Participant: 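Can you keep this structure in mind? I'll have questions shortly.
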Amino acid sequence: MPGTTPQPTSATRTRSWWGWGWADAHPDDAECAAMGALIPGTLAHPLPVPRVRDLDIERPAVEPPAGLAHLVATGPRERAAHAMGKAYRDVARALRGRPGRIPDLVARPTEEREVADLLDWAGERQVAVVPYGGGSSVSGGVEYRGDAHRAVLSLDLTAMGRVLEVDAVGRAARIQAGTLGPSLEDQLRPHGLTLRHFPQSFEFSTLGGWLATRAGGHYATGRTHIDDFVQSLRVVTPAGTSASWRLPASGAGPSPDRLFLGSEGALGIITEAWVRLQERPTHKASASLAFTDFHAALEAVRAIAQSDLSPANCRLLDAGEAALSGASHDGSAVLVLGFESSDGPVTARLGQAVDLARSHGGRRGGVDGADTDAAVGAWRSAFLRMPYLRDGLARMGAVAETFETAATWDRIAGLIEAVRTEVGEAALKASGHPATVNCRLTHVYPDGAAPYFTVLAAGRPGDEVAFWDDLKAVASDVLHRHRATITHHHAVGRDHRPGYDRQRPDPFALALRAAKGALDPRGILNPGVLVD
């Protein structure tokens, strides 16, 4: 069944060029100051909102190709908005007027042939091509670093934003890579189907971005990563177009799709994919439980993950994270549980999960006997608002950032304690002020879990980026020592590259470099990502 719905655009709201999300949703000066007052050592007044006209933006080093010039933008705001992703270090650099290398051109191809033509042109002129979807990267994946190329082209795929075909019988769809999350779901809704992949960046990220970074969704068990939804991919490379067969499963050698999933545009440009869909859930139920003992809560989560209950949501917030989100104010850790189904009621499964949690010390009422179910709503609201608040804290000179990992259950407790202790000590030594290091489990598996850490600290005025980089280096060392992955779902980019180099086996690195050389012989595709 063909699809023809175009990518919708907002006629009334403007994306922030320097920070997260919508420009009109950022905290005002008063809210920034109020948040900053909660962190000792921050600035007395918020840094001003950065303006594009204050940046030193040079003229483009190249002219766009004549036959494709209608797809290319060279205006200052367009180029500045494509210079970085949305990590804390990106926001901090923008606030200080130091965004780094600004791309010379921003191209928005509308079809696969134009992508191929742009790559041919860039290869002939030694122009680096940095793929760009929604721009929500938090690992340095959509910026150019260095000076090895004559110019930089940001290849924005969002003009390729259509659901091209829906197979209702097989519950799958062929979708262009530049389709933003809300548009994707809007186009599937008339068919009664959903992809059911909802990362925190859902509103501002694309299918292609999810595929290229092996993104994790909101759901804590089952199909946690976008990998699990893929039937086939089309990928344009300088060496030709790779088009895998659409299959439910295959044992025919190494998977061609696996080569490009997580490749972050270093091997090719994903232009479309067939993805597995499901019926929209109509039955939902949720609850929360409080724990006075975090280690007992970890055991409760492990028991639930190793059952066959498969909750859609199984988020464990430590006491600090629970307080930060408003889910608890009595020092308790909070477990948020959620179940959903399109087939039938889920209350029985929720009840079984609650019973498991209670058997490990969880309680449905707080210390004062109050019901903690309101924690579900409080956590959900904080989850969506948090990136905006992070940017507000950055305006106060504070470091407010997150990182995540995954490890097996036998390492989880020690890993969490080591990260809290060592990152906290490093922040205190570097700034003279104590830091807050909170943790939550975002995804859980029978054999392990994904801890997600939040760091709040007073930065060094004017040197916030280096301060955060130092803390991130400490955290990365802890992860490596505990054999925890450098990233569970935020991609490698450029920020995680040192940790990724240490984590991957040497023979695999050799094969990856060979693949890079074969598919991108001129070295123009997202230089510095994954391999040199």
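These numbers were taken from a predicted model, which means no experiment stands behind them.
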Participant: With the threshold set at 4.0 Å, does a side-chain nitrogen-carboxylate oxygen contact exist between R174 and E272?
Facilitator: yes
Participant: Are the side chains of D391 and H26 in contact, using a 4.5 Å heavy-atom criterion?
Facilitator: yes
Participant: Backbone N or O of I524 within a donor-acceptor pair of the D520 side chain at under 3.5 Å?
Facilitator: yes
Participant: Using ring-ring contact (aromatic ring centres under 6.0 Å, His included) as the criterion, list what pairs up with Y500, not counting sequence neighbours.
Facilitator: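 Partners of Y500 by the ring-ring contact (aromatic ring centres under 6.0 Å, His included) criterion come out as none, since no residue qualifies.
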Participant: If you draw a 6.0 Å radius around CZ in R481, do more than 12 non-hydrogen atoms from other residues or ligands fall strictly inside?
Facilitator: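 For R481, atom CZ is crowded (more than 12 foreign heavy atoms under 6.0 Å).
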Participant: Go through the steps for V399 and Y88 under the test side-chain contact (heavy atoms from CB on, under 4.5 Å), then give the verdict.
Facilitator: CA-CA 8 Å; V399 168; Y88 165 79; 3.5 Å; yes
Participant: Is there a side-chain contact between I269 and L525 (heavy atoms, below 4.5 Å)?
Facilitator: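 They are in contact (side-chain heavy atoms under 4.5 Å apart), so the answer is yes.
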Participant: Is there a side-chain hydrogen bond (donor to acceptor under 3.5 Å, both in side chains) between E203 and W22? Walk through the geometry before answering.
Facilitator: CA-CA 10 Å; E203 189 176 8; W22 300 111; 2.8 Å; yes
Participant: Cut-off 3.5 Å, side chains only: do T442 and E404 have a donor facing an acceptor?
Facilitator: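 No - no donor-acceptor pair under 3.5 Å links their side chains.
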Participant: With a 4.5 Å heavy-atom cut-off, do H443 and T221 have their side chains touching?
Facilitator: no
Participant: Below 4.5 Å, heavy atoms only, C-beta onward: do L118 and L155 meet side chain to side chain?
Facilitator: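 The answer is yes; the side chains approach within 4.5 Å.
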Participant: So, do T14 and D24 sit near enough that their side-chain heavy atoms are less than 4.5 Å apart?
Facilitator: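 Result no, sub-4.5 Å side-chain heavy-atom pair not found.
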Participant: Roughly how far, to the nearest 0.5 Å, is CD of Q200 from OG of S136?
Facilitator: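 Between S136 OG and Q200 CD, I get 10.0 Å after rounding to 0.5 Å.
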Participant: So, T110 versus E114: side-chain donor-acceptor pair below 3.5 Å or not?
Facilitator: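 The answer is yes; a qualifying pair exists.
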Participant: Under 3.5 Å, is there a donor on one side chain and an acceptor on the other for D257 and S244?
Facilitator: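 Short answer, yes.
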Participant: So that I can tick it off, tell me whether D532 and K516 are bridged by a salt bridge, with the cut-off set at under 4.0 angstrom between side-chain N and carboxylate O.
Facilitator: no
Participant: Using atom types as modelled and distance alone, determine if a side-chain donor or acceptor of T487 lies under 3.5 Å from a backbone N or O of V492.
Facilitator: no
Participant: Do R440 and D318 sit within salt-bridge range, that is, some charged N less than 4.0 Å from a carboxylate O?
Facilitator: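 So R440 does not pair with D318 through a salt bridge.
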Participant: I need the single residue from E279, Q278, E185 that forms a side chain to side chain donor-acceptor pair (under 3.5 Å) with T194. Which is it?
Facilitator: E185
Participant: Please confirm whether Y445 and W409 have ring centers closer than 6.0 angstrom.
Facilitator: no
Participant: Any side-chain heavy atom of R108 within less than 4.5 Å of one from M160?
Facilitator: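 They are not in contact (no side-chain heavy atoms under 4.5 Å apart), so the answer is no.
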Participant: Applying side-chain hydrogen bond (donor to acceptor under 3.5 Å, both in side chains), run through S325 and E321 and close with a yes or a no.
Facilitator: CA-CA 6 Å; S325 67; E321 193 74 5; over 6 Å; no
Participant: Look at atom CG of D506 and say whether more than 12 heavy atoms of other residues, nucleotides or ligands are closer to it than 6.0 Å.
Facilitator: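 For D506, atom CG is not crowded (no more than 12 foreign heavy atoms under 6.0 Å).
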Participant: Does one side chain, of Y452 or T402, offer a donor that lies under 3.5 Å from an acceptor on the other?
Facilitator: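 Short answer, yes.
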Participant: Any donor-acceptor pair under 3.5 Å linking the side-chain atoms of W210 with those of S205?
Facilitator: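 There is such a pair (donor and acceptor under 3.5 Å, judged by atom type) between the side chains of S205 and W210.
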Participant: Distance check, rounded to the nearest 0.5 Å: L259 atom CG versus L519 atom CG?
Facilitator: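 Nearest 0.5 Å value for the CG-CG distance: 6.5 Å.
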Participant: With the side chain counted from C-beta on, respond yes when R513 and L530 share a heavy-atom pair under 4.5 Å apart, and no when they do not.
Facilitator: no
Participant: What verdict does the side-chain contact (heavy atoms from CB on, under 4.5 Å) test give for L337 and L289, after you've listed the backbone C-alpha separation in whole Å, the side-chain angles of each residue and the deciding distance to 0.1 Å?
Facilitator: CA-CA 8 Å; L337 291 170; L289 295 98; 3.8 Å; yes
Participant: The test is salt bridge (Lys or Arg N to Asp or Glu O under 4.0 Å); show your working for D186 and R189 and say whether it passes.
Facilitator: CA-CA 5 Å; D186 286 346; R189 190 169 287 106; 2.7 Å; yes
Participant: Between R497 and D501, does any NZ, NE, NH1 or NH2 come within less than 4.0 Å of an OD or OE carboxylate oxygen?
Facilitator: yes
Participant: Using only atom types and a distance under 3.5 Å, with no angle test, would you say the side chain of R494 pairs donor to acceptor with the backbone of G140?
Facilitator: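 Looks like yes, one N/O pair under 3.5 Å.
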Participant: If you measure from the Lys or Arg side-chain nitrogens to the Asp or Glu carboxylate oxygens, is any gap between R101 and E143 under 4.0 Å?
Facilitator: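 Salt bridge absent between R101 and E143.
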Participant: When the aromatic ring centroids of H149 and Y144 are compared, is their separation below 6.0 Å?
Facilitator: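 Centroid distance H149-Y144: below 6.0 Å, so yes.
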Participant: V455 pairs by side-chain contact (heavy atoms from CB on, under 4.5 Å) with which of V419, N438, L471?
Facilitator: L471
Participant: Please answer whether the main-chain N or O of G170 pairs with a side-chain N or O of D167 as donor and acceptor at a distance below 3.5 Å.
Facilitator: yes
Participant: Among residues two or more places apart or on two chains, list those pairs meeting ring-ring contact (aromatic ring centres under 6.0 Å, His included) that have a residue in residues 221-275.
Facilitator: H197-F229, H225-H488
Participant: If you define the side chain from C-beta out and look only at heavy atoms, does anything of L157 sit under 4.5 Å from V115?
Facilitator: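 Side chain of L157 against side chain of V115, heavy atoms only: contact under 4.5 Å found.
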Participant: Got a second to check how far H82's NE2 is from D156's CG, nearest 0.5 Å?
Facilitator: 3.5 Å
Participant: In plain terms, say whether R196 and D228 are close enough for a salt bridge, that is, a side-chain N and a carboxylate O under 4.0 Å apart.
Facilitator: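 Between D228 and R196 there is no salt bridge, as every charged N stays at least 4.0 Å from the carboxylate O atoms.
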Participant: Is it the case that the side chain of S288 and the backbone of V336 share a donor-acceptor pair, with hydrogens and angles ignored and the cut-off at 3.5 Å?
Facilitator: no
Participant: Just how far is it from atom CG of L277 to atom CD of Q231, taken to the nearest 0.5 Å?
Facilitator: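 Between L277 CG and Q231 CD, I get 8.5 Å after rounding to 0.5 Å.
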Participant: In terms of side-chain geometry, is the basic nitrogen of R93 or D90 positioned less than 4.0 Å from the acidic oxygen of its partner?
Facilitator: yes
Participant: Is a side-chain donor-acceptor pair under 3.5 Å present for Q176 with R162?
Facilitator: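 Short answer, no.
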